[in-house]
*Asks:* 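This is the structure I have questions about; it appears just below.
Reminder, nothing fancy here: chain letters follow the sequence lines and each chain counts from 1.
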Amino acid sequence: MIARASQLFLPTLRDAPADAEAASHKLLVRAGYVRQVGAGLWTYLPLGWTVHRKIEQIIREELGAIGAQELLAPVLTPVELWEATGRDKIPEIFHVTDRAGRRFVLPLTHEETITFHAREIRSYRELPQLWYHFQIKDRDEPRPRGGLLRVREFIMKDGYSFDRDEESAFASFEKNRVAYHRIFERCGVEAHEVRAESGIMGGELTFDFLAPSGSGENTLVRCERGDYAADAEIARGIPRTPEFPETLAAPEEIETPGVTTCEALAAFLGIDVAATTKAMPVTTDDGRVVLALIRGDDRLSESKLLSALRSGSRPSTDDEIRGAFGASGGSLGPVGFNGEVVADETLRTGQFVAGANRDGWHLRGVEAGRDYEPQFADLREPIEGDRCPECGGALTFETAIEVGHIFYFAGKYSTPLGATFLDEDGQEKPLLGGSYGIGPGRVIAAIVEQKHDDQGIVWPRSVAPYDVHLVVLKGAEEIGEEAAAALDGAGLDVLLDDRDLRPGEKFADADLIGVPVRVTAGRKSLEDGMVDLRDRASGEERRVKVADLGKEVG
RNA sequence: CGGGACGUAGCUCAGCCUGGUCAGAGCGCCGCCUUUGGGAGGCGGAAGCCGUCGGUUCGAAUCCGACCGUCCCGACCA
């Protein structure tokens, strides 16, 4: 196929939009792949859509290979389906109404609709089923950002599995997991499988695929030795051991006027900040005041707290704190508090300095189990300097884009929607489900984040909009056409730059657009009948005969 | 939803503080000429209800208010 740049809608820009920060955002706009319509709303221009379709095709091939079937469900969804699962209350949902007042939602994802169809599965003989589609998702995001990184409307490949028992369901999950690795590998994007946040659902099986990048909303924590990877929200790190002061037989009050932070406390007492505790009172959804207690040098992980409490929570108000502790933030501690205390595992052994629940006073020598009875849980965010929980190696922290997510949720949707089947033993049972998502738009952003240089994008061949960018300079039109025909004849997709522009502009655009191979036909070609072949990634260039182009590039 | 910033030509921006020769620049675009292996040069030209509405004023891009929109930080994130 030969596309002529003179006829394409390929609006490249010399400047990036002023508000763009992420490299992928700047380059995809500058190179004419996408344009913004509104906050979090993007149009894929012809080149961008070509890349999107290439990624879709890779996904289709790999999902086809595991026996998944493609279908297409609608965007507009009767609200009743979402009421059945209780998800109609999620704040990110767009609600719409038709002229007769019937209510619909624009789906965030399609569990409800697909499970609705799974109700037609009657017998264990029809299982397992693996379905997927590429369909628009709409989310009323409070804050879209970073170009394609977080948007309000996007196409997702979402897949769903239905199985008769856990063994079979895990097999379906595993097939998808393996397929995902192949998909990301073929797309040329580095993505790491990590155990993801299970949050309030606790105990479900879920993995994220995180692509390290210059911009993103997740933090990927990895061991330098490659044996551990997790999202920072749930990652475990082995913290350093504190230097404890001398052990006391019982807690001892000490006056600490005006000292309200752990750093200040450690400095005031001349001790290691890791030998202090940080008290974070929270109020749960049902109104209880719970004391979350972590080490003075740590930060509380909200998702871990959510898992530990099995409930949402918010920081307690000053009034609630005073009522529950009789003191203000900065002097709070577990001793003498008659509510629930959740303490981080780091506090299990050793004596720490804690607030005395008396303004301006702290307690030295506070020991869990002796002086207070907490529930222990992992509550801390890993920090730079932590060691790997598997091998003790150093942990690295990278910003990353979540490009895929796989989830096993058993009967969570099939039960409320009544999607059951008759098993071999004659019993009616709920279908066991899993769902599997990939955002091709985020894959595009992640690839550009990982593969670009100062001049522009450097696409992997597998997803590049064209195989070859053929730059034809003035005077070489004839040999340029021969080169295009040779490449086309070899089955390659050619972007033929036949525009009446100066060479510099054409080369700059070619670098920006990022097709992996550039071929130049110019004045030199008229003399020896050869063209220049340049590798976009390495910049290596050599002269080849037009007749050899097909095999040189292919 | 809290905090901050911004909105002037297709793009990037100046002008606003101190209201009145203030509708501007560069790039891009159109025409002609020259030029043609890394974003050339000359001449000519088109193009903006200065985000919207209201207020102050003899007079508003400029001052004030409200609204709308966009971006950034945070909260949120199936």
Side-chain angles (χ1 to χ4, degrees), chain A residues 11-22 25-26 29-30 32 35-42 77 82 85-94 105-113 137-147 149-152 154 156 158 196-201 204 206 208 215-218 231 233 302-303 306 312-315 402 405 407 409 412-413 435 437 439 442 454-456 471-477 480 497 499-513 518-527 530-532 534 539 541 543:
Chain A
T12 57
L13 300 173
R14 211 176 266 246
D15 300 312
D19 50 33
E21 298 201 342
H25 183 183
K26 288 183 189 166
V29 171
R30 279 191 60 208
R35 284 293 184 268
Q36 183 166 15
V37 178
L41 300 175
W42 290 83
T77 309
W82 287 67
T85 59
R87 294 212 296 176
D88 60 311
K89 299 294 189 299
I90 293 171
E92 280 76 23
I93 296 183
F94 280 108
V105 303
L106 306 180
L108 315 170
T109 171
H110 277 78
E111 276 83 10
E112 280 80 358
T113 307
K137 312 298 178 219
D138 288 281
R139 300 180 180 188
D140 189 0
E141 295 288 354
R143 190 181 157 205
R145 71 182 90 183
L149 259 33
R150 186 170 201 77
V151 295
R152 293 197 292 180
F154 63 101
M156 178 189 255
D158 42 324
E197 182 185 2
S198 54
I200 195 165
M201 306 305 179
E204 288 174 336
T206 173
D208 270 340
S215 306
E217 305 201 298
N218 296 69
D231 188 299
E233 290 197 335
E302 290 179 28
S303 42
L306 183 69
S313 61
R314 56 168 173 80
E402 180 189 334
H405 194 162
F407 217 94
F409 45 68
K412 181 176 170 191
Y413 299 97
S435 68
R442 280 195 174 170
D454 292 345
Q455 309 309 312
V471 174
V472 178
L473 302 180
K474 203 162 184 89
E477 288 81 4
D497 192 348
R499 298 174 299 175
D500 184 20
L501 294 178
R502 302 174 59 82
E505 297 175 78
K506 294 190 173 194
F507 292 141
D509 268 356
D511 289 343
L512 184 60
I513 291 165
R518 188 182 86 192
V519 169
T520 306
R523 181 183 287 159
K524 288 188 289 184
S525 309
L526 300 178
E527 296 160 14
M530 296 173 82
V531 291
D532 291 298
R534 182 186 171 96
E541 194 160 335
R543 286 186 77 69

*Asks:* Taking atom C1' in both B/rC27 and B/rG41, compute the distance separating them and give it to the nearest angstrom.
*Replies:* 15 Å

*Asks:* Suppose we call a contact any N or O donor and acceptor under 3.5 Å apart; does that hold for the side chain of A/Arg145 and the base of B/rG74?
*Replies:* no

*Asks:* For B/rG44 and B/rG26, measure between their P atoms and round to the nearest Å.
*Replies:* 13 Å

*Asks:* Using atom types as modelled and distance alone, determine if a side-chain donor or acceptor of A/Lys506 lies under 3.5 Å from a backbone N or O of A/Val472.
*Replies:* yes

*Asks:* Taking the C1' atom in each of B/rA60 and B/rC17, what is the distance between them to the nearest angstrom?
*Replies:* 15 Å

*Asks:* Quick one, give me the B/S/- string for nucleotides 7-12 of chain B, reading 5' to 3', where B means a protein heavy atom under 4.0 Å from the base and S means that only happens at the primed atoms, P, OP1 or OP2.
*Replies:* ----SS

*Asks:* Classify A/Glu302 by what it touches in the nucleic acid, base, sugar-phosphate, or nothing, heavy-atom distance under 4.0 Å.
*Replies:* sugar-phosphate

*Asks:* Could you give the distance separating B/rC68 and B/rC77 at their P atoms, to the nearest angstrom?
*Replies:* 25 Å

*Asks:* Remember a base hit wins even if backbone is also touched, and classify A/Lys524 as base, sugar-phosphate or nothing at under 4.0 Å, heavy atoms.
*Replies:* base

*Asks:* From the options B/rG37, B/rG39, B/rC77, select the nucleotide whose nearest atom is closest to the side chain of A/Ala508.
*Replies:* B/rG39

*Asks:* Indicate whether OP1 or OP2 belonging to B/rG38 is found under 4.0 Å from a side-chain N or O atom of A/Gln455.
*Replies:* no

*Asks:* Side chain of A/Arg534: nearest nucleotide among B/rG38, B/rG37, B/rA75?
*Replies:* B/rG38

*Asks:* Show, in sequence, the C-alpha distance, side-chain angles and deciding distance for A/Asp532 and A/Arg518, and conclude whether the salt bridge (Lys or Arg N to Asp or Glu O under 4.0 Å) test is met.
*Replies:* CA-CA 8 Å; A/Asp532 291 298; A/Arg518 188 182 86 192; over 6 Å; no

*Asks:* Measuring only the P atom in each nucleotide, how far is B/rU62 from B/rG51? A whole number of Å is fine.
*Replies:* 8 Å

*Asks:* Tell me if the side-chain of A/Arg502 makes a donor-acceptor pair with the base of B/rU35, cut-off 3.5 Å, by modelled atom types.
*Replies:* yes

*Asks:* Determine the interatomic distance between P on B/rG20 and the same-named atom on B/rC64; round to the nearest Å.
*Replies:* 15 Å

*Asks:* Among B/rC77, B/rG37, B/rG39, which nucleotide sits nearest the side chain of A/Glu92?
*Replies:* B/rC77

*Asks:* On a whole-Å scale, what distance lies between the P atoms belonging to B/rA66 and B/rG3?
*Replies:* 13 Å

*Asks:* Could you measure between the two C1' atoms, the one in B/rU36 and the one in B/rA40, and give it in whole Å?
*Replies:* 9 Å

